[in-house]
Amino acid sequence: MLTSSRVNMSTLYEKLGGAGAVDAAVDRFYRKVLADDRINTYFEGVDMEKQAGKQKAFLTMVFGGPANYSGQDMKNGHAHLVARGLNDSHFDAVVENLGATLKDMGVSNELISEVAALAETTREAVLGRI
Amino acid sequence: MLDALIESGHPVDHGCKSGACQRCLLRSTSPLDAKSATAGLSESLRSSGHFLSCQTRVEQVEEVYFPGEAAVPKWAAEITLHRFLSPSVVHLRLRLADGFTYRAGQFVRVEWEDGLQRSYSIATPTSLSSGEIDFQIRLIPGGQMSTRVSDASIVGAKLTVHGPMGTCVYPSDSAHEPLLMVTSGTGLAPIWGVLNDALDAGHPAPITLYHGSSTVAGLYFGDELQALSRRHPNFVFVPCADAVEEGSTCREGNPLQLALQDLPDLEGYRVYSCGHPALVKLAQRKCYIAGADLSRIHIDSFEPQ
């Protein structure tokens with residue numbers, strides 16, 4: 001993990017390890033999601049390499065990194081899943097897998113909480129409630 | 001994009017509408033970013049702005065040209081051999097015009113004189129590049145192409161071959177990883193070529209092939225594969241069928257299921273899975289979950305044509 005010389009100024013993204021951390025996390029996270037029967041049906045039938053790219057973008061965002069899409073994008077992107085019954089329990093399962101991924105990678109509970117909090121800010125948009 | 005063009009009165013040649021056959025190729029003024037729009041295309045096609053119109057949304061492209069003759073190379077070809085490998089699998093050999101090159105595991109699109117087109121995998125090992133390629137074609141009862149292809153008198157027929165296309169190949173810079181091949185029916189065709197490429201290159205690591213079918217009678221090339229495994233101790237061949245009689249040398253079960261039972265940890269493996277779309281997509285998913293890198297899982301899904 002990178003550390004900034006002015007520790008109290010380094011961002012969450014830097015503390016986690018930036019783009020390198022995202023790369024290390026993507027496969028671990030995506031595999032957990034695909035193996036999780038509570039949510040894996042929502043990932044069926046989609047091109048896997050395309051999906052892996054989306055996971056990478058999601059992780060970049062919740063790691064506090066640069067994010068290129070809006071709440072509206074999140075809402076539109078998940079609308080067809082919401083129509084199929086996507087709800088809070090599924091969102092919770094994803095956040096759980098995210099936490100487990102970070103724990104596997106040795107990330108501190110404090111940083112995991114910060115990442116979970118960032119993920120939480122997308123709940124309303126993902127579930128189409130904004 | 002494909003549907004939009006067709007609906008607005010611009011007929012665009014197409015086939016599978018699943019991103020596999022490459023018939024709906026169009027060209028944009030600049031290369032597209034979206035990986036799904038160019039998946040499976042050669043570097044030269046990609047960099048010249050070509051994309052699969054069935055996998056691209058209208059908003060993703062600004063200007064479109066219809067491709068010129070040079071986009072996917074075309075070759076004159078003639079059928080030189082026809083034989084049955086089993087009651088439901090035909091072996092066709094084609095001789096191609098000078099200059100045609102390919103890598104085993106790629107596929108081509110064959111166009112008959114009356115316009116009928118189908119894509120077939122090249123079953124010939126790369127080292128046998130003698131200007132001839134082989135197909136292993138499954139016969140579908142009542143199928144238009146199947147009726148034509150079951151007839152031995154097609155030897156001598158003149159065809160146009162477009163291609164080659166596809167990335168289901170043995171890498172020339174192979175890292176000699178263990179290889180896992182999971183296939184059913186004529187999905188064996190591209191894998192036969194890749195397998196021979198690997199063995200010809202002296203691939204040192206274990207190679208395991210699971211070839212499945214609903215019945216033992218649906219399998220073919222069993223003798224050839226057994227012969228290869230006798231000559232190469234690192235190659236293990238596992239024929240399997242959904243229903244197997246007592247005393248059979250085939251294992252009972254689905255090739256993917258048996259593969260994952262025997263090899264639950266696929267970290268470091270290179271995986272090949274070709275054939276029926278349901279098997280191939282499930283294989284990609286399950287082999288990835290079992291630890292194989294997504295970039296080292298080669299699939300060729302035989303979409304209905």
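Just so it is clear: chains get the letters A, B, ... in the order the sequence lines come, proteins before strands, and each one is counted from 1.
Shown here is R138(B), whose CZ atom has no more than 12 heavy atoms of other residues, nucleotides or ligands within 6.0 Å. Other residues, nucleotides and ligands place no more than 12 heavy atoms under 6.0 Å from the CD atom of E110(A). Applying the 6.0 Å contact sphere to CD of E267(B) captures no more than 12 heavy atoms from other residues, nucleotides or ligands. Under a cut-off of 6.0 angstrom, the local environment of CG in N87(A) is crowded, with over 12 non-hydrogen atoms contributed by other residues, nucleotides or ligands.
Note that NZ of K32(A) and CD1 of I289(B) are 12.0 Å apart. Values are rounded to the nearest 0.5 Å. With rounding to the nearest 0.5 angstrom, the NZ atom of K35(B) is 12.0 Å from the NZ atom of K50(A). Note: S36(B) OG to E49(A) CD = 10.5 Å, rounded to the nearest 0.5 Å.
Taking each heavy atom of Y288(B) and L34(A) in turn, the nearest pair found is CD2-CD1, 3.7 Å. The heavy-atom pair separating D293(B) from R31(A) by the smallest distance is N-NH2, 4.1 Å.
Top candidate by heavy-atom pairs under 4.5 Å with chain A, chosen from K281(B), R285(B), Q55(B), is R285(B).
Using a 4.5 Å cut-off between heavy atoms, A52(A) touches chain B through its side chain atoms alone. Both the backbone and the side chain of D27(A) come within contact range of chain B, judged by heavy atoms closer than 4.5 Å.
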